[in-house]
Q: 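My structure is below; once you've seen it, I'll send some questions.
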Amino acid sequence: MVDTVIFDMDGLLINSEPLWGEAMEEVFAGLGVTMTPELAQRTTGLRTNEVVDYWQRYFGWEGPGNEQVTDDILDSVIGKILASATLQPGAEAVLEGFKRRGTRLGLASSSPVRVIEAALDRFQLTPYFAAVHSAEHEEWGKPHPAVYISCALKLEAQPFHCLAFEDSINGMVAAKAARMKAVVVPEAHNRTNPRYALADLQLASLEEFGEEHWTELSSW
């Protein structure tokens with residue numbers, strides 16, 4: 001039986017994926033590299049340092065080291081989140097619904113702690129979560145299940161008693177590999193990707209999640 005729910009953050013609760021894309025485009029442009037939205041989809045859900053490593057190998061730019069490029073992207077995206085990010089439709093309602101049920105909630109994100117803290121503070125979401133865990137503390141990021149397993153341990157929950165909410169394929173794979181049930185809310189342009197069939201439930205928006213879904217997902 002499911003008694004614990006763990007959320008991803010970027011792209012799921014907060015409409016920040018476009019801001020990550022903008023930050024990468026701007027920083028990479030300074031390196032003489034053109035990053036398109038189509039290319040950026042390849043690394044959605046990965047940790048920032050893994051994204052930078054991936055594209056450095058792909059483009060082979062010269063200049064600042066990967067650590068500096070990563071820091072520049074993080075500084076940029078935090079500024080953009082504070083200035084213009086919005087909550088995804090239904091995000092606060094679904095959190096409030098679980099709060100009323102007394103369900104334990106956690107957050108498992110690929111973002112570094114400083115980005116998570118800035119985003120949660122910006123929207124006053126911190127009180128909803130009994131545990132917050134960043135993949136920067138793990139040897140491997142999503143699609144490896146470590147971040148979800150560690151978050152479950154912080155919540156004193158067994159992974160197979162957890163339900164994960166995700167928006168990316170890498171995140172969904174991580175949750176399923178941790179033996180959790182998974183609800184996916186993909187971006188509109190990606191909803192027909194056949195790999196999302198791995199999820200237990202696919203929605204177009206968090207606004208669609210209702211009592212009937214929770215009853216079905218939590219009872220088997």
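Note that the structure is predicted; figures quoted are calculated from it, not measured.
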Q: Okay, side chain of Q88, backbone of G11: is any donor-acceptor separation there less than 3.5 Å?
A: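 Checked: pair present.
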
Q: Under 3.5 Å, is there a donor-acceptor pair between the side chain of E136 and the main chain of V113?
A: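 Yes: the side chain of E136 pairs with the backbone of V113.
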
Q: Below 6.0 angstrom between ring centroids: does that apply to W214 and F98?
A: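 Yes - the distance between ring centres of W214 and F98 falls below the 6.0 Å cut-off.
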
Q: If we ignore hydrogens and angles and just use 3.5 Å, is the side chain of D200 paired with the main-chain N or O of A182 as donor and acceptor?
A: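 Yes.
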
Q: Is a side-chain donor or acceptor of R47 paired with a backbone partner of P112 at a separation under 3.5 angstrom?
A: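 Not a single qualifying donor-acceptor pair exists.
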
Q: Between R104 and E156, does any side-chain N to carboxylate O distance fall below 4.0 Å?
A: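 Result for this pair is no, no salt bridge flagged.
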
Q: For G210, does its backbone N or O pair with a side-chain atom of H213 as donor and acceptor, under 3.5 Å?
A: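 It does hold such a pair.
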
Q: With salt bridge (charged side-chain N to carboxylate O under 4.0 Å, His left out) as the criterion, how do E211 and R101 come out once you've worked through the C-alpha distance, each side chain's angles and the decisive distance to 0.1 Å?
A: CA-CA 11 Å; E211 191 66 36; R101 293 186 184 97; 2.7 Å; yes

Q: Can you check whether G171's main-chain N or O pairs, donor with acceptor, with S168's side chain at less than 3.5 Å?
A: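 The answer is yes, because a donor-acceptor pair under 3.5 Å joins these two groups.
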
Q: Thinking salt bridges, do E117 and R114 make one under a 4.0 Å N-O criterion?
A: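 No, E117 and R114 are not salt-bridged.
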
Q: Are the side chain of T36 and the backbone of L39 linked by a donor-acceptor contact shorter than 3.5 Å?
A: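 Here the side-chain-to-backbone pair exists.
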
Q: Anything under 3.5 Å between a donor and an acceptor, one on a side chain of residues 51-61, the other on a protein residue two or more places apart or in another chain? List them.
A:
from, atom 1, to, atom 2, distance (Å)
D53, OD1, N66, ND2, 2.7
W55, NE1, T43, OG1, 3.3
Q56, NE2, W61, O, 3.1

Q: If you draw a 6.0 Å radius around CZ in R195, do more than 12 non-hydrogen atoms from other residues or ligands fall strictly inside?
A: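 Result for CZ/R195: open.
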
Q: So, for F165 and F209, is the gap between ring centers shorter than 6.0 Å?
A: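 Yes; F209 has its ring centre under 6.0 Å from that of F165.
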
